[in-house]
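Step one of this worksheet: look at the structure below.
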Amino acid sequence: MKTIYSTYITVLALGILGLFSRPAMAQESPLEEDYYKIMKVSSPEGTLLEVGGLALMPNGNLGVATRRGDIFIVENPTSPRPYFRKFASGLHEILGLTYQDGSWICAQRGELTKVTDTDKDGYADKYETIYAWDISGHYHEYSFGPKVSTDGNYFVSGNVAFGNEEWWRGESRVPYRGWVMKISPDGKMEPWATGMRSPAGLGIIDGELFYTDNQGDYMASGGLWHLEKGDFTGHPAGLAWTGLAGPPFKLTSEQFDAVVDPRKIKNTYGRYIKPENVVDEEFITLFEAKEKIPSIKLPAVWLPHGIHGISNSEPLQIPKGHLGPFEGQVLVGDQGQSKIMRVMLEKVNGQYQGASIDFRAGFQSGVMRIAFGADKSLFVGETNRGWGSAGEANEGLQRMVWNNEIPFEMRTVKAMPDGFEIEFTKPVNINSAEDLASYAVQSFTYKYHPVYGSPPVNIQDNVISGVKVSADRMKVRIVVDGLRRYHIHKISLDGVRESIESHSLVHGTAYYTLNNIPEGAKLAEDELSKYNSVAEKAKQEAEAAKKAAASPKKAPVAIAAKPVAAANEVPSLEVINALLAKNTCTACHNATKRQVGPAYAEIAKRKYSNEKIVELIYNPKPENWPDYATPMAAMPQVPREEALKIAAWINSLAK
């Protein structure tokens, strides 16, 4: 007892002296909130900050634009009591903001506007239209931007409208909905690219234009696209205007429909209606469509729906000197799940690709806009009006502050000719890193069709056939059998541990979009570790069983048979959490509170049978929930056995 007490006193003293950055007695692995603190930016009472735009001024003040049409200037935004000054008002749903040469430039619903304080009294007195575009009046015709190109022009993107009878079908009712436009400071517009559905996030990364889109018809999942002049990113609505003089290519709607026939599969309120002559296996993928329509631009990185967001928003490159080992990488916000992901990009054969990984969740509302402050903290502008979000608040402005401690994370994931190379932020434990059982890789892709979204398809578990750990233990090369071009590769490192404290990774799974497999030398067999603790244990158990079978047999001991589980037995919370996460249910639902969809406890109050809940998972009826703006899409990919377990758990909440 004396020895244990002395050890505790020594550890406590070392902690006081600062030799440990956190209590040394703690054994649990740190979480993302241990490194990145979320702080509220106090706004004046009664101010509704449904943030649509954020921009930093050279003096460190923050510009905040709102969906309600106001622009605020926030002085001393990182102080406990920042000062909000309403600079401009009366604008129409601002969803982007930039500061340039003493003026604010913002995208309203129908125009790009320049707002200036000419008399220097601190308030806007001059509103100039740089360029105006058509609007039909549909509620979903949002406009996003601008982002300033390297040559000083502005990029603006336009959301499509939705159909009258088929709510999920995107329509371009007026030019140039579903397009990105390039606009000069003197008001000349050039149609740049089309194929967008809901392009909520524009970003300039290493001087090049990128954008994020949201899942829906023809958009199997959210993703991050590198956008060049003349690109077509997949949604056909904007093709209605390629016959005009301005567009840089002439692909027509008819030519597109000949490849991706919109009549093959119809969808009404999320229900799949399949003609008799069409079987489930009859689908085309985006990369297969590209073989027939070369102008299709594949996403640089897919952001798997329900895992890395459901309504992806602004991408922002991390500046030099910010967030330690992650500088130069890209943060992507998500409105629906109220969180931020981290994206690592690389170019292979001249084409962008890379991996996405979770970064920080737990924001109070939907993450719409992000901007770094003068102190290197990250301002987060939020709104959830019309959709709901994981964060319960309807709006907000928060600040994420890093504590300058390095988390144990995958710093980068890069494609190799025979697998992937993962670089870490800290050295790995050699035993865990050389164990094949520490890794798992699964590849999949999505359908490309007029239906709202897509389940993962062509799912394949890839064998890990070898591992090589670098001499400094900062990198591992994993050799993966059956790499598949154009597929997403889910890379899980659940067994890898940090060298000193044996902590697991803060985020143990990355999703790599493999557009190209690099050329080059593959690892030699004699360079690889092939040790597999799971296989070794199975081998030992088999040998033990063989020995037991050869030894004299004892009289069998009667063991009472376990009762067969009832069909409606409620699974454990551990089991149900795994099922909800696997089937992306948590993207829209929470057990007790409203999110994008109703709380499970509210569904339980409807007193549906388990079978009825399963039926509604496969064929939702949004008309049963008229207070929710986003109808549930069908989930035919959920196995029936798992759907029944989820249903039994939902109904248990009524008790």
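Sequence positions, counted from 1, serve as the residue numbers for this chain.
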Handout entry: Minimum heavy-atom distance L56-Y99, with the two atoms named
Key = O-CB, 4.3 Å

Handout entry: Positive for side-chain hydrogen bond (donor to acceptor under 3.5 Å, both in side chains) with T383, one of Q335, R369, R67, E395
Key = R67

Handout entry: Considering all heavy atoms, the nearest L323-F372 contact
Key = CD1-CZ, 4.0 Å

Exercise for the section: Using modelled atom types only, decide if a donor and an acceptor are shared between the side chain of R85 and the backbone of G122 within a distance under 3.5 Å. Expected result: yes

Exercise for the section: To the nearest 0.5 Å, tell me how far Y123 OH sits from S89 OG. Expected result: 11.5 Å

Practice task
Check whether any side-chain heavy atom of K126 lies under 4.5 Å from a side-chain heavy atom of K114, and answer yes or no.
Solution key: no

Problem - Electrostatic pair K229:E190 at N-O distance under 4.0 angstrom - result: yes

Practice task
Mind listing the closest non-hydrogen atom pair of N384 and G391 along with its distance?
Solution key: ND2-O, 3.9 Å

Practice task
Report yes if the side chains of E208 and Y352 come closer than 4.5 Å at any heavy-atom pair, otherwise no.
Solution key: yes

Exercise for the section: Considering only NZ, NE, NH1 and NH2 on the basic side and carboxylate oxygens on the acidic side, decide whether K297 and E228 come within less than 4.0 Å. Expected result: yes

Handout entry: Spacing of F155 atom CZ and T98 atom OG1 [to the nearest 0.5 Å]
Key = 13.5 Å

Problem - Residues E111 and T113: side-chain donor-acceptor under 3.5 angstrom - result: yes

Problem - Side chain proximity check, Y211 to L209, heavy atoms < 4.5 angstrom - result: no

Problem - Salt-bridge criterion met for K376 and E327 (N-O under 4.0 Å) - result: no

Exercise for the section: Taking E141 for its side chain and G158 for its backbone only, find out whether a donor-acceptor pair lies under 3.5 Å. Expected result: no

Exercise for the section: Kindly indicate whether the side chain of S356, heavy atoms from C-beta on, has any atom under 4.5 Å from the side chain of P304. Expected result: yes

Handout entry: Backbone of S377 reached by a side-chain donor or acceptor of D375 within 3.5 Å
Key = yes

Problem - Sole residue of Y218, F256, W225 in ring pair (Phe, Tyr, Trp, His ring centres under 6.0 Å) with H235 - result: Y218

Practice task
Answer yes if the side chains of E382 and S338 hold a donor-acceptor pair under 3.5 Å, and no otherwise.
Solution key: no

Handout entry: D334 side chain to I310 backbone, donor-acceptor under 3.5 Å
Key = yes

Fill in the blank from the handout: When rounded to the nearest 0.5 Å, the distance separating CG of L286 from CG of L298 is 5.0 Å

Practice task
Spell out, as yes or no, whether a donor-acceptor pair under 3.5 Å connects the side chain of T513 to the backbone of Q353.
Solution key: no

Completion exercise
Heavy atoms of N159 and S198 approach each other most closely as OD1-OG, 2.7 Å

Handout entry: Charged N-O contact under 4.0 Å between E346 and K414
Key = no

Practice task
Report the C-alpha distance between M196 and T233 in whole Å, list the side-chain angles of each, state the deciding distance to 0.1 Å, and finish with yes or no for side chain to side chain contact (heavy atoms under 4.5 Å, CB included).
Solution key: CA-CA 6 Å; M196 294 84 213; T233 55; 3.7 Å; yes

Practice task
Please determine, by modelled atom types, if T212 and N312 share a side-chain donor-acceptor pair under 3.5 angstrom.
Solution key: no

Handout entry: Aromatic plane relationship, Y142 with Y139 - under 30° parallel, 30 to 60° tilted, over 60° perpendicular
Key = perpendicular

Problem - Distance in Å, F359 CZ paired with H308 NE2, rounded so as to fall on 0.5 Å steps - result: 13.0 Å

Handout entry: Over 12 non-hydrogen atoms of neighbours within 6.0 angstrom of NZ in K250
Key = yes

Handout entry: Ring geometry between F249 and F232 (parallel below 30°, tilted from 30 to 60°, perpendicular above 60°)
Key = tilted

Problem - Beyond-backbone contact of I38 with V380, side-chain heavy atoms, under 4.5 angstrom - result: no

Handout entry: Partner set under salt bridge (Lys or Arg N to Asp or Glu O under 4.0 Å) for K182, not counting sequence neighbours
Key = D151

Handout entry: Rounded distance (nearest 0.5 Å) linking atom NE2 of H92 with atom CD1 of I135
Key = 7.0 Å

Practice task
Compute whether any side-chain donor of one residue and acceptor of the other, for N153 and S184, lie under 3.5 angstrom apart.
Solution key: no

Handout entry: Worked verdict on W133 versus S143 for side-chain hydrogen bond (donor to acceptor under 3.5 Å, both in side chains)
Key = CA-CA 10 Å; W133 46 85; S143 299; 3.1 Å; yes

Practice task
Evaluate the side-chain proximity of P407 to Y36: yes if any heavy-atom separation is below 4.5 Å, no if none is.
Solution key: yes

Completion exercise
Heavy atoms of Y446 and A220 approach each other most closely as CB-CB, 3.2 Å

Handout entry: Expected output: side-chain K290 to main-chain I296 donor-acceptor under 3.5 Å
Key = yes

Problem - Check: S136 main-chain N/O paired with R173 side-chain donor or acceptor under 3.5 Å - result: no

Practice task
Look at the side chain of S172 and the backbone N and O of G238, then say whether any donor-acceptor pair between them is shorter than 3.5 Å.
Solution key: no

Exercise for the section: Using atom types as modelled and distance alone, determine if a side-chain donor or acceptor of E50 lies under 3.5 Å from a backbone N or O of R68. Expected result: no

Problem - Close side-chain approach of L378 and I340, heavy atoms under 4.5 Å - result: yes

Exercise for the section: Could you go through the side chain to side chain contact (heavy atoms under 4.5 Å, CB included) check for D217 and Y452 one step at a time? Expected result: CA-CA 4 Å; D217 58 315; Y452 197 102; 5.5 Å; no

Practice task
Go through the steps for F210 and L345 under the test side chain to side chain contact (heavy atoms under 4.5 Å, CB included), then give the verdict.
Solution key: CA-CA 12 Å; F210 285 74; L345 291 168; 4.0 Å; yes

Handout entry: Any side-chain heavy-atom pair of L303 and V343 under 4.5 Å
Key = yes

Exercise for the section: Using modelled atom types only, decide if a donor and an acceptor are shared between the side chain of R197 and the backbone of D213 within a distance under 3.5 Å. Expected result: no

Problem - Over 12 non-hydrogen atoms of neighbours within 6.0 angstrom of NZ in K188 - result: no

Practice task
May I have the step-by-step check of side chain to side chain contact (heavy atoms under 4.5 Å, CB included) for F326 and M344, ending in yes or no?
Solution key: CA-CA 9 Å; F326 307 128; M344 321 156 210; over 6 Å; no

Practice task
Would you give the length of the straight line joining atom CE of M181 to atom CE of M189, rounded to the nearest 0.5 angstrom?
Solution key: 6.0 Å

Practice task
Count the heavy atoms of every other residue, nucleotide or ligand shown that sit under 6.0 Å from NZ of K40, and state whether that count exceeds 12.
Solution key: no

Practice task
Measure from the ring center of Y131 to the ring center of Y154 and say whether it is less than 6.0 Å.
Solution key: no

Exercise for the section: Measure across V180 and S157 and return the closest heavy-atom pair with its distance rounded to 0.1 Å. Expected result: CG2-CB, 3.8 Å

